2 protein chains.
Amino acid sequence: MSQQRHGSTPGDAGGVPAFPDLPEATIARLPEYLRALHHLAEAGAETVSSEGLAAAAGVNSAKLRKDLSHLGSYGTRGVGYDVALLVDQIEYILGLDENRAVCLVGVGNLGHALAGYAGFASRGFRVVALFDADRKKVGEVINGLTVRHIGELERVAAEESIAIGVIATPPGSAQAVADVLVAAGVTSILNFAPCVLAVPPNVDVRKVDLAIELQILSFHEHRKASLTALPGGGGDATGDQEAVGS
Amino acid sequence: MSQQRHGSTPGDAGGVPAFPDLPEATIARLPEYLRALHHLAEAGAETVSSEGLAAAAGVNSAKLRKDLSHLGSYGTRGVGYDVALLVDQIEYILGLDENRAVCLVGVGNLGHALAGYAGFASRGFRVVALFDADRKKVGEVINGLTVRHIGELERVAAEESIAIGVIATPPGSAQAVADVLVAAGVTSILNFAPCVLAVPPNVDVRKVDLAIELQILSFHEHRKASLTALPGGGGDATGDQEAVGS
DNA sequence: TTATGTGAACATTTTCACAGCG
DNA sequence: CGCTGTGAAAATGTTCACATAA
């Protein structure tokens with residue numbers, strides 16, 4: 001119904017793109033499609049069917065087609081999707097062509113790993129600054145970046161126009177760090193500390209809690225164990241590949 | 001309608017508990033409630049209202065009450081929930097009282113951090129073994145555990161009855177590691193490698209992709225930027241505290 | 001009177017099944 | 001024909017608003 005023209009194409013990054021408002025569930029899957037597409041492109045594929053891409057991304061093909069239809073995608077009936085074109089489309093929608101600057105606060109165990117995580121750079125992000133409150137860590141060089149004191153955050157954030165802040169501190173410090181980030185004008189925060197952050201409504205927070213994922217798995221282990229006590233097959237279930245919902 | 005009696009209580013861990021089948025969305029939030037409850041308990045609270053717990057967990061109170069009602073919880077009308085009792089309930093449901101054994105495969109940057117992550121031990125998991133394919137890493141001691149070669153996984157998994165395997169390898173090795181875990185009888189996998197794993201239907205896989213979260217934030221940054229070009233308030237939106245859906 | 005527990009309304013997401021384009 | 005794009009149906013999740021119990 002609306003697929004012929006939509007917003008703007010990757011080429012014209014200038015104007016106001018009449019931004020398509022995608023369902024949140026779709027947005028969360030786009031990065032997965034993108035990864036699969038890059039993989040296919042490296043393998044030399046020029047086009048891919050919804051079936052093929054869906055398999056590579058671990059979803060079913062109907063969902064994939066529906067998702068792509070929301071961005072008004074350029075599939076060809078009877079053929080499939082142009083891999084390179086779709087990569088550009090998705091990268092544009094996700095804003096990955098803007099090479100956003102990211103800073104990381106807290107260089108403990110996890111912060112160290114994140115600072116060196118190649119997946120950030122390879123997917124359109126520049127880690128431009130590391131901060132910590134601990135003076136003993138200030139000055140340390142990780143992956144070519146020098147750790148600075150958190151007091152410098154506000155100044156550096158402005159200088160480097162940092163778009164996203166990553167919090168990898170203990171939970172007790174996370175809210176204070178979030179406040180500093182917000183004061184510095186950062187409007188997107190990725191929080192690894194196991195706590196809830198209070199931020200103004202214009203700031204987006206996403207949370208990753210490593211232990212939560214384990215606990216969800218534990219629930220399913222517990223359930224499986226309680227079921228084996230009952231009669232019936234042994235294995236079971238509906239036979240989906242990725243059994244637990246993401 | 002069914003709240004008086006339900007399955008079994010934490011105390012009686014023996015029988016088959018007529019396992020309540022909770023909505024997936026509810027399960028995913030239970031760990032968050034649990035964290036908030038522990039926090040409240042440490043602060044000395046004996047009871048908490050749905051309003052109070054909801055705020056501490058970052059959800060609204062209606063959702064919290066609905067979630068807890070699914071596990072047939074023991075709130076008292078006019079008063080609230082008994083903190084200690086609710087902790088026991090949720091820990092029982094999640095199977096956290098069983099102190100599951102976890103192994104970690106891949107001790108690179110991220111694996112190192114995970115091996116030392118205190119959040120695992122503190123929430124009912126025992127990291128009992130570390131593995132790597134790289135002979136140079138075998139023998140290294142991390143957090144009191146010696147890294148073993150992946151060839152030993154099958155034997156060790158049986159000895160230690162490992163319930164959950166965590167994959168922190170590069171994506172190219174992840175499927176092979178998953179195959180080894182499955183062969184060793186592990187039925188729950190937490191995958192940090194950015195790739196899709198194929199496993200039998202009785203095995204649960206959950207995935208954490210650090211870069212995906214950044215890409216979702218990037219999308220919202222992109223959208224915000226394209227909206228500021230338009231007229232209207234400036235700040236905006238509906239004023240929710242955690243603006244981006246989890 | 002207070003705050004839980006819950007039907008019923010609403011919203012979102014997934015799946016189905018097929019029309020229609022290449 | 002094959003495969004995309006999409007209405008319509010089904011399933012799942014959230015919010016409302018109030019009956020109900022302490």
Side-chain angles (χ1 to χ4, degrees), chain A residues 1-6 20-30 32-33 45-83 85-86 89 238-246, chain B residues 1-6 20-30 32-33 37 45-83 85-86 89 238-242 244-246:
Chain A
M1 202 200 234
S2 60
Q3 273 8 93
Q4 295 318 50
R5 247 146 215 275
H6 51 90
D21 68 335
L22 311 175
E24 201 61 39
T26 295
I27 296 162
R29 282 187 295 264
L30 290 180
E32 196 68 45
Y33 301 155
E46 303 217 330
T47 63
V48 63
S49 68
S50 66
E51 202 74 45
L53 182 52
V59 302
N60 70 41
S61 61
K63 197 186 285 184
L64 177 114
R65 286 201 303 280
K66 180 75 85 175
D67 282 342
L68 294 189
S69 78
H70 285 122
L71 30 130
S73 108
Y74 289 74
T76 309
R77 295 177 196 227
V79 179
Y81 301 91
D82 182 296
V83 172
L85 185 58
L86 202 46
Q89 284 274 326
T238 38
D240 200 349
Q241 186 143 67
E242 229 154 317
V244 182
S246 170
Chain B
M1 208 204 223
S2 60
Q3 272 9 92
Q4 295 317 50
R5 249 145 215 278
H6 52 90
D21 67 336
L22 311 175
E24 200 61 40
T26 296
I27 296 162
R29 282 187 294 264
L30 289 181
E32 196 69 42
Y33 300 156
L37 284 166
E46 303 217 329
T47 63
V48 63
S49 66
S50 65
E51 202 74 46
L53 182 52
V59 302
N60 71 40
S61 61
K63 197 186 286 186
L64 176 112
R65 286 202 303 278
K66 180 75 84 173
D67 282 341
L68 294 188
S69 78
H70 285 122
L71 30 129
S73 108
Y74 289 75
T76 308
R77 295 176 196 227
V79 178
Y81 300 92
D82 182 296
V83 172
L85 185 58
L86 202 47
Q89 284 274 327
T238 38
D240 200 348
Q241 185 145 68
E242 230 154 316
V244 181
S246 169

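In what follows, every chain begins at residue 1, and chains take the letters A, B, ... in the order their sequences are listed. Computed from a predicted model, the values in this text were never measured in an experiment.
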- Is any side-chain heavy atom of B:H70 closer than 4.5 Å to a side-chain heavy atom of B:L22?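 Yes - at least one pair of side-chain heavy atoms lies under 4.5 Å apart.
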
- Item | CG-OG1 distance between B:L85 and B:T76, expressed to the nearest 0.5 angstrom |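 Rounded to the nearest 0.5 Å, the CG-OG1 separation comes to 9.0 Å.
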
- Measuring from B:L71:CG to B:L30:CG, what's the distance to the nearest 0.5 Å?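 If we round to the nearest 0.5 Å, B:L71:CG and B:L30:CG are 6.0 Å apart.
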
May I have the distance from [X] (atom [atom1]) to [N] (atom [atom2]), rounded to whole angstrom?
X     : N      : atom1 : atom2 : answer
A:H70 : D:dT4  : NE2   : C1'   : 15 Å
A:E24 : D:dT14 : CD    : P     : 13 Å
B:D82 : C:dA3  : CG    : P     : 16 Å
A:Q89 : D:dG5  : CD    : P     : 11 Å
A:L22 : C:dT12 : CG    : P     : 14 Å
B:E51 : D:dT15 : CD    : C1'   : 14 Å
B:I27 : D:dG13 : CD1   : C1'   : 13 Å
A:L71 : D:dT4  : CG    : C1'   : 14 Å

- Would you tell me whether B:D82 and B:Y74 have side-chain atoms, one donor and one acceptor, within less than 3.5 Å of each other?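 Side-chain D/A pair, B:D82 to B:Y74: absent.
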
Phosphate contact ([N] OP1 or OP2) by [X] side-chain N/O below 4.0 Å:
X     : N      : answer
A:K66 : C:dT14 : no
B:Y81 : C:dG5  : yes
A:R65 : C:dC18 : no
A:R29 : C:dT14 : yes
A:S50 : D:dT4  : yes
A:N60 : C:dT15 : yes

- Contact summary for B:K63 and B:N60, nearest pair of heavy atoms: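 Scanning both residues, the minimum pair turns out to be N-OD1, 2.9 Å.
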
- Nucleotide nearest B:P23 (side chain, heavy atoms from C-beta), chosen from D:dG13, C:dG22, C:dT13: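 Nearest listed nucleotide: D:dG13.
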
- Options D:dG5, D:dG13, C:dA3, nucleotide nearest the side-chain atoms of A:S69: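 Nucleotide nearest to A:S69's side chain: D:dG5.
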
- Item | First of B:V79 and B:A62 reached from the 5' end of DNA chain C, by closest nucleotide |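 On the 5' side of the pair lies B:V79.
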
- What is the nucleic acid contact for A:G75, judged by heavy atoms within less than 4.0 Å: base, sugar-phosphate only, or nothing?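 Answer is sugar-phosphate: A:G75 comes under 4.0 Å of backbone atoms only.
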
